[in-house]
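Below you'll find the structure, written out as structure tokens, and then a few comments.
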Amino acid sequence: MDYKKRNGGPFMGGASQAKRGKTGGEWEDSPSQFEEELSMFDEAEMEAEEMEGQAGHDVIPVGDLFSADLNPRWRRPNAPTLDPSSDKLVFQQIDLDYYLGSAVAGMPGQLQGKVPIIRMFGVTDSGNSVCCHVHGFAPYFFVPAPSGFKADYLSEFQKELNSAVLKDMRSNKDNISITVLAVDITRKESMYGYHGKRILDFLRITMAMPRLIAPAKRLLEQGLKFGPFPLQSYPSYEANIDFEIRFMVDSDVVGCCWIELPKGKYRVSLCQYEVDVGWTDLISHPAEGDWQRIAPLRVLSFDIECAGRKGIFPEPDKDPVIQIASMVQRQGETEPFIRTVFTLQSCASIVGSQILCFTQERQLLQSWAEFLRTVDPDIITGYNIQNFDFPYLLNRAAALKVNLFPYLGRVRGIKSVLKDLNFQSKQMGRRENKTINMEGRVQFDLLQVLLRDYKLRSYTLNAVSFHFLQEQKEDVQHSIITDLQNGNEQTRRRLAVYCLKDAYLPLRLLQKLMCVINYMEMARVTGVPLTYLLSRGQQIKVVSQLLRQAMKQDLVMPVVKTEGGEDYTGATVIEPEKGYYSVPIATLDFSSLYPSIMMAHNLCYTTLLQKGSVEKLGWTPTGDLFVKSTVRKGLLPEILENLLSARKRAKTELKKETDPFKKQVLDGRQLALKISANSVYGFTGAQVGKLPCLEISQSVTGFGRQMIEQTKQLVESRYTISGGYQADAKVIYGDTDSVMVKLGVATVSEAMEIGKEAAEWVSSHFTPPIKLEFEKVYYPYLLINKKRYAGLYFSSSADTHDKMDCKGIETVRRDNCPLVANLINTCLQRILIDRDPKGAVNHAKEVISDLLCNRIDISQLVITKELTRTAQEYAGKQAHVELAERTRSMCWRTTFPLTHNTTWNSSCPNPLRLEATSNNSL
DNA sequence: CAGAGCACCTAA
DNA sequence: TGAGTTAGGTGCTCTG
């Protein structure tokens with residue numbers, strides 16, 4: 001009856017949901033906090049600068065919108081004239097692609113037909129945009145030369161392959177006459193397997209354009225006959241490398257690095273630095289020292305509103321776009337310098353932002369596109385722009401035949417087209433995405449970033465803003481948007497404030513989470529373009545590093561056909577001694593376990609001895625053989641050493657650095673380095689991947705299993721009563737790279753002391769850089785099961801705990817309703833902090849009785865898919881009963897160990913569970 | 001009603 | 001045509 005009582009709020013958020021009044025959908029209009037914030041921008045700017053002729057908060061009649069006088073901030077700063085014969089051009093490259101074009105006279109490379117041209121987009125220190133066309137770089141791959149091959153046969157080979165490729169083409173739209181540009185002999189060695197540094201002759205086959213690589217590779221695999229050689233199949237090497245990556249690796253360019261074009265080596269062709277350069281002339285600066293800086297990139301965030309029909313999700317062929325809000329900020333600054341709303345119909349002014357009103361939707365769309373091209377952002381952000389705003393705008397513009405709309409990139413004449421893309425991985429499952437090409441601009445959809453990098457309970461902009469910024473959206477229900485639009489200029493103003501905030505929040509989040517900095521650092525560390533980090537998986541990052549390392553030793557990467565096979569054995573989880581521990585439990589961890597194993601044992605493609613090899617130079621637990629680093633040091637260990645030592649450097653620099661901005665960059669870097677090191681192992685084990693090598697991955701886990709076992713033995717053998725210690729140490733649990741040890745001491749500080757000593761002593765039994773570290777003490781500690789435990793975490797001080805640490809329990813899982821998570825969290829606090837298990841039980845009983853007596857709002861229960869589905873199947877009261885029952889059983893189950901915490905073990909039956917599940921009469 | 005199989009999510 | 005790994009707890013459904 002009275003279950004409407006709302007005693008909740010957002011999970012973990014407590015009652016602070018609606019601090020800002022404005023609860024209902026009332027239309028009363030006191031200025032919101034956000035409006036005050038907006039007006040502050042205005043005041044600050046009025047003080048800082050003369051009125052530039054921009055009427056900050058006026059409603060501007062559409063007319064001379066794009067004149068420099070009216071909107072001086074929209075355009076980029078004027079670009080100083082450049083004299084290629086005496087000036088160099090330096091810019092930070094932020095995006096990179098290629099296109100097929102005609103050769104430019106004076107530039108290296110093929111002269112006739114279409115040639116591939118790399119295009120780098122970037123920004124100079126003074127904020128001028130650069131489009132740099134790099135000429136003369138052609139795609140290539142390798143095949144081993146057949147035995148007895150001599151230079152005399154090169155032209156014969158080239159001719160045969162060329163005609164085979166031509167014959168293979170179904171149509172020849174581009175009228176290609178030469179497909180194979182060149183064939184050369186080079187001395188190379190396959191990186192797969194150690195074969196006594198057997199450097200062989202390889203044919204380096206250069207093709208006219210990237211898309212000819214795949215057919216050439218296929219034809220060579222199928223078999224080619226040339227000269228005196230019999231028909232035979234040629235395995236290919238590096239024929240599956242993206243052209244952009246190929247270029248970057250070969251010219252030592254990494255994502256987001258600074259590029260210098262020396263004087264006399266480039267030519268200017270168009271406005272704001274559109275230049276041509278030969279590929280060997282550009283200088284790429286490693287991201288060190290001064291070259292770590294970031295150019296003043298323009299970041300545009302936007303949001304659109306549509307007038308949908310009642311209860312129907314807006315459809316672009318029917319429902320109009322009524323508002324578009326945009327905010328533009330320079331990377332590194334704290335406030336947006338452009339704040340604009342384009343509205344359909346009139347709209348009352350908003351202090352601190354510019355309102356542009358249109359009577360025709362077509363004109364609104366057209367003008368916004370023009371606005372975007374004028375502002376010329378390097379990065380475009382927003383919330384779900386990739387799958388909603390951009391597709392909607394493009395489809396709407398198509399429906400209204402606004403033909404000049406879909407040109408949103410930085411290259412004149414290239415139409416932005418919507419495409420469906422299916423992205424699938426074990427990690428993320430199947431994900432349907434849309435893509436829009438926008439040459440030279442990086443689309444940084446904040447929703448996509450959050451889905452990739454953060455595990456959250458809810459990904460709505462409101463929930464995310466609350467979680468990270470303790471701030472929320474302006475309060476406007478979706479259902480009233482159309483009514484607001486059909487009202488008057490005041491109601492449309494309210495909508496505009498809402499829309500502006502939705503454009504502003506992504507910008508704030510981007511800043512708070514340091515997305516741009518962190519992603520740039522990742523691009524620099526791994527060497528891939530920024531856009532790859534959002535559109536591609538983990539593998540390409542390792543490939544990029546592997547190729548760079550391999551090139552130094554003339555090693556080439558084979559193309560392997562990918563087929564899934566048997567899984568291999570992973571890590572050991574030590575059988576837990578379940579229970580409640582009211583004594584300190586020391587935790588020892590191997591730091592970077594898998595990377596350090598690969599380094600210590602020189603595990604790599606290049607050091608693997610193929611089965612049947614006679615030499616036995618060092619065994620792995622799985623019976624695979626790898627040569628010692630004294631024979632040949634592996635590429636993967638080299639990559640890992642570079643990553644981890646760079647991380648150490650970044651961390652020491654971080655400690656010294658005082659400038660907060662540089663600190664952020666360094667922190668982003670050390671994080672990127674850590675993640676990169678950890679993904680190398682996964683790459684070798686990815687059976688459907690670019691270069692899987694299960695010998696490496698299973699040896700890594702094999703060593704890991706041996707090590708955790710040995711660690712347990714060592715600790716338990718040394719810390720004994722007979723060895724002079726207070727008690728016999730016991731490893732009560734361990735997972736993959738850690739052991740939890742009950743040392744039998746009474747205080748945290750004793751546990752810390754012995755823990756540190758034990759870690760050091762155990763480390764001495766392993767090959768460097770393998771290292772066991774003392775990490776923390778849990779006191780008290782509740783061990784529920786494998787991968788499920790909780791405890792008070794001591795590491796910085798022996799007197800006070802840093803936090804309550806929960807692993808695998810309902811409190812950290814997203815497939816439980818908040819009620820359960822909150823309940824368990826409170827119970828754990830009672831047990832661990834108050835040391836009052838009875839209090840925990842009482843609390844649980846209270847909550848459950850509230851639940852059974854319908855005293856709890858049903859909406860709190862509906863969170864998991866299963867529960868949602870059930871709620872849909874049952875109606876009204878019945879749904880409540882069903883949900884209550886399910887939640888109740890979860891509560892009983894998870895609270896049970898808490899009630900019997902000191903004596904309970906897994907062999908005991910669970911009387912409460914029996915009671916809970918058998919008692920179905922509510 | 002046990003248990004296999006599956007979905008989901010987490011630990012490392 | 002692109003996708004990091006295995007171990008493992010828990011709840012639900014289906015089946016003999």
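In the text below, chain A, chain B and the rest are named by the order of the sequence lines, each starting its count at 1. Here the structure is a predicted model, which means the values were calculated and not measured.
- Distance check on atom C1': B:dA12 versus C:dG4 gives 14 Å, rounded to whole Å.
- Atom CG of A:Leu691 and atom P of C:dT1 are 21 Å apart (whole Å).
- At whole-Å resolution of the value, CD in A:Glu810 and P in B:dC8 are 18 Å apart.
- Mapping A:Lys690 and A:Tyr568 onto DNA chain C via the closest heavy atom, the residue that lands nearer the 5' end is A:Lys690.
- Nearest nucleotide to the A:Lys807 side chain, out of B:dT10, C:dG4, B:dA11: B:dA11.
- Salt bridge A:Arg788/A:Glu810: present, at least one basic N to carboxylate O contact under 4.0 Å.
- The residue A:Gly570 sits close only to the backbone: its heavy atoms come under 4.0 Å of sugar-phosphate atoms, none of a base.
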query = Passes side chain to side chain donor-acceptor pair (under 3.5 Å), A:Tyr778 versus A:Asp805? Steps please.
reply = CA-CA 9 Å; A:Tyr778 284 120; A:Asp805 202 20; 2.6 Å; yes
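- Rounded to whole Å, the distance from CZ on A:Phe703 to C1' on C:dT6 is 18 Å.
- Remark: P of C:dG2 and CD of A:Glu244 are 11 Å apart, rounded to the nearest angstrom.
- With distances taken from any side-chain atom of A:Lys786 to the nucleotides B:dT10, C:dA3, C:dG9, the minimum falls on C:dG9.
- Taking side-chain N and O atoms only, A:Arg788 has a distance below 4.0 Å to OP1 or OP2 of C:dT10.
- Atoms CD1 (A:Ile245) and P (C:dG2) sit 12 Å apart, rounded to a whole Å.
- Across all strands shown, A:Val812 has heavy atoms under 4.0 Å from sugar-phosphate atoms exclusively, and none from any base.
- Side-chain atoms of A:Val731 and A:Lys742, non-hydrogen and from C-beta on, never get closer than 4.5 Å to each other.
- Comparing atom distances between the A:Ala686 side chain and each of C:dG8, C:dG2, C:dG4 picks out C:dG4 as nearest.
- Neither OP1 nor OP2 of B:dC8 sits under 4.0 Å from any side-chain N or O of A:Arg814.
- As judged by a 4.0 angstrom heavy-atom cut-off over every strand, A:Tyr733 is placed among residues making no nucleic acid contact.
- Of all nucleotides listed (C:dA7, C:dT10, B:dT10), C:dA7 comes nearest to the side chain of A:Thr569.
- Across all strands shown, A:Thr701 has no heavy atoms under 4.0 Å from either base or sugar-phosphate atoms.
- Going from atom CD1 of A:Ile696 over to atom P of C:dG4 covers 17 Å, rounded to whole Å.
- Atom NE2 of A:His801 has more than 12 neighbouring heavy atoms from other residues, nucleotides or ligands inside a 6.0 Å radius.
- Salt bridge annotation for A:Lys787-A:Asp735: present, with a cationic side-chain nitrogen under 4.0 angstrom from a carboxylate oxygen.
- Listed nucleotides: B:dA11, C:dG2, C:dG9. Nearest to the side chain of A:Asn785: C:dG9.
- Distance CZ (A:Arg536) to C1' (C:dG2): 7 Å, rounded to an integer number of Å.
- Both A:Gln539 and A:Val573 lie close to DNA chain C; mapped to their nearest nucleotides by heavy-atom distance, the more 5′-ward contact belongs to A:Gln539.
- Donor-acceptor pairing under 3.5 Å is lacking for the side chains of A:Tyr140 and A:Glu238.
- Closest to the side chain of A:Tyr681, out of C:dA3, B:dA12, C:dG4, is C:dG4.
- The listed nucleotides are C:dG8, C:dG4, C:dA3; the one nearest the side chain of A:Gln538 is C:dG4.
- At whole-Å resolution of the value, CZ in A:Arg218 and P in C:dT1 are 14 Å apart.
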